[in-house]
Amino acid sequence: MIMEETKKKILEYDALVVGGGIAGGESALNLANLGYQVLLVEKDLTIGGKMIMLSKVFPTLDCAACITTPKVSEIARHKNITILTGAEVKKINKLGEHRFEVDVLQKPRYVHVADCTGCQLCEDVCPVSVSDQYQYGMVGRKAAYIPFSIASPRAAAIDIENCTLCGACERACPTKCIDFTQTEEEYLVKARSVVVATGFNLFDPLKIPRYGYGRFKNIITSMQMERQLAPTRPFNTILRPGDGKLPDNIAYVLCTGSRDKSVGNPICSQVCCMYSIKQAQLLMGALPMADITIYYLHIRAFGKGFNEFYAQAQDMGVEFIKGKVGKISEKENGNLILRYEDIEAGVVKEAEHDMVVLSVGILPNQGIADVFENEKLELDPFNFVQQSDMLASPAKTSIDGVFVAGTASGPMDIPDSILSGGAASAETTSYLRRGTL
Amino acid sequence: MEIEKGKTAKYLKEKRPVPKEVTEQLKSFTKTKKAILNALKEVHKTIPELAMELNMPKEDVVYQLMSLVKYGQVAPDDIDDMDEYFYYKIKSNGKN
């Protein structure tokens, strides 16, 4: 619904949803099903957020992609939803009741998405290889690339920062959809309501140098292990990135960057215990001979079926050690020595493992508060979006007409994110109907 | 100026020269790719064997070799007798 073509394209929607992860997608879908016109703005090249990158979900061990893909596809095909990928909200001004003006900037993809068949011929001929951010740096990707096989839209993009402009992709493209003349698009969005679903960031373990992440190549993050366990994995099987060896003695270090005042994140990330237990179970399936040890402070198995899932891992042979890891060092063969406090025995011990997974915590995705110009979006003490009435109206924020969904308001698991997205859409509907009935 | 569809890279190249580090990175990848494919020409090899032959850090071999697996030029083969390292070979119908 383009009103006029000036420098900025002017668009009008009932709801602007900022963030196309599972919570934002749920909100958008519910609102669209009620007949509202929704604009979904996603900064990445694909919707689906972090969930679409996961292997399986706990405690059911259902395939994450099998749950996400149909939902993402429904969002993408919904007639009441417009999606802008590769786009960022730059400014939001509230002009009055049901009147928001939003500046959105969309970066050029250098591909006409509607014409791209996803044939990947451009990828085949592209001579460039750079680190693949969707595989968390464990493998390369081309400069002309489809983010991953179940990306939505499943269309190519050109990484212009790393492109040599050789033109091979254009020559190979059967539909001539690659277009290096594309430039940034600016939009002025007039929206009647806003849903903030900007998700979370993962803790960067480089901030704990004593764990050796980055220096010792056989230490990876839980998200890197998640990718290794996924069907669209970077390697042919689970391998040590340091030398390609099949690991047979893997350690998990829980609470890496969570419940740790020294790194500025004193709160529990709520999901690390359970995703580590899930990965341990999956690893025992993928590497039947491997020993898996989980170093934990407390196991927080609080949700439906979680404690049974924890007991199942114990029954499968996963070793749980109540211990705080102080330091990790590396042996010449790439194995790792974990120095830890055995909390139950009250002594300091050392143990050798051939691969270590750091179960990294959830941090706020800061920045969304800064785009609100004439009203203040309040944040909580941990920099997540403040829920102004958490018990009675959990999606409500400090700005009337702006609602929060999913992990933008704090750490939570997938079912809670979807519930939160549902709550945000219900409260947005209530706001949109205010004064119209 | 009318820009012909399918030949727009040339247009952008005139407006925005390619940074030197991008071309250097391409040269480096091409050199490594050739070295790995040459080393695998006659016989399949494990990552430590390739690292020793190419005098490259093992982690770099993992990254580059796995990229070549992804690009369809190399394929994993059998595992060694100790069940520790896979052998890798040039893909028989591999793309170049």
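A, B, ... follow the sequence lines: proteins, then strands. Residue 1 opens every chain.
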Novice: Need one label for Phe29(B): side chain, backbone, both or neither, based on atoms under 4.5 Å from any heavy atom in chain A.
Specialist: side chain
Novice: Above 12 or not: heavy atoms from other molecules or residues under 6.0 Å from CE of Met52(B)?
Specialist: no
Novice: Which region of Glu84(B), side chain (C-beta onward) or backbone (N, CA, C, O), has a non-hydrogen atom less than 4.5 Å from a non-hydrogen atom of chain A, or is it both or neither?
Specialist: both
Novice: Testing the 3.5 Å rule here: is there a donor-acceptor pair between the side chains of Asp44(A) and Tyr134(A)?
Specialist: yes
Novice: Hey, are Asp179(A) and Lys5(B) close enough for a salt bridge, meaning a charged N less than 4.0 Å from a carboxylate O?
Specialist: no
Novice: Taking Leu246(A), Ile160(A), Val128(A), Asn236(A) one by one, which has the highest count of heavy-atom pairs under 4.5 Å against chain B?
Specialist: Asn236(A)
Novice: Sort Cys163(A) into side chain, backbone, both or neither according to what part of it lies under 4.5 angstrom from a heavy atom of chain B.
Specialist: backbone
Novice: Checking Lys245(A) against chain B: side chain, backbone, both or neither under 4.5 Å from a heavy atom?
Specialist: both
Novice: With rounding to the nearest 0.5 Å, note down the distance linking CE in Met355(A) to CD1 in Ile219(A).
Specialist: 10.5 Å
Novice: Measuring from Asn335(A):CG to Asn218(A):CG, what's the distance to the nearest 0.5 Å?
Specialist: 7.5 Å
Novice: Quick one: what part of Lys13(B) sits under 4.5 Å from any heavy atom of chain A, side chain, backbone, both or neither?
Specialist: both
Novice: For Asp83(B), is it the side chain, the backbone, both or neither that has a heavy atom under 4.5 Å from a heavy atom of chain A?
Specialist: backbone
Novice: Need one label for Ser131(A): side chain, backbone, both or neither, based on atoms under 4.5 Å from any heavy atom in chain B.
Specialist: both
Novice: With respect to chain B, which residue among Val130(A), Val125(A), Ile158(A) yields the maximal number of heavy-atom pairs within a distance under 4.5 Å?
Specialist: Val130(A)
Novice: Report which part of Ile79(B) has an atom under 4.5 Å of a heavy atom belonging to chain A: side chain, backbone, both, or neither.
Specialist: side chain
Novice: Can you say whether Glu161(A) sits under 4.5 Å from chain B via the side chain, the backbone, both, or neither, judging by heavy atoms?
Specialist: both
Novice: In terms of heavy-atom proximity below 4.5 Å to chain B, should Pro127(A) be classed as side chain, backbone, both, or neither?
Specialist: both
Novice: Taking atom types as modelled, is there a side-chain donor on Gln228(A) or Arg233(A) under 3.5 Å from an acceptor on the other?
Specialist: no
Novice: Out of Arg171(A), Arg141(A), Glu123(A), which one racks up the most heavy-atom pairs below 4.5 Å with chain B?
Specialist: Arg141(A)
Novice: What distance separates Tyr145(A) OH from Ser129(A) OG, expressed to the nearest 0.5 Å?
Specialist: 13.0 Å
Novice: Is there side-chain contact between Tyr252(A) and Ile292(A), with heavy atoms separated by less than 4.5 Å?
Specialist: yes
Novice: Is it the case that the side chains of Asp204(A) and Tyr213(A) hold a donor-acceptor pair, with the cut-off being a distance below 3.5 Å and no angle test?
Specialist: no
Novice: If you measure from the Lys or Arg side-chain nitrogens to the Asp or Glu carboxylate oxygens, is any gap between Lys331(A) and Glu352(A) under 4.0 Å?
Specialist: yes
Novice: Non-hydrogen contacts under 4.5 angstrom with chain A: give the residues of residues 38-45 of chain B involved, or none if there are none.
Specialist: none
Novice: Taking every non-hydrogen pair under 4.5 Å, which of Lys142(A), Arg240(A), Met138(A) racks up the most with chain B?
Specialist: Lys142(A)
Novice: Would you mind checking if Glu184(A) and Lys107(A) are paired as a salt bridge, meaning a charged N to carboxylate O distance below 4.0 Å?
Specialist: no
Novice: Please check if any side-chain donor atom of Thr32(B) sits under 3.5 Å from a side-chain acceptor atom of Gln64(B), or the reverse.
Specialist: no
Novice: Between the side chains of Gln279(A) and Ser222(A), is a donor N or O closer than 3.5 angstrom to an acceptor N or O?
Specialist: no
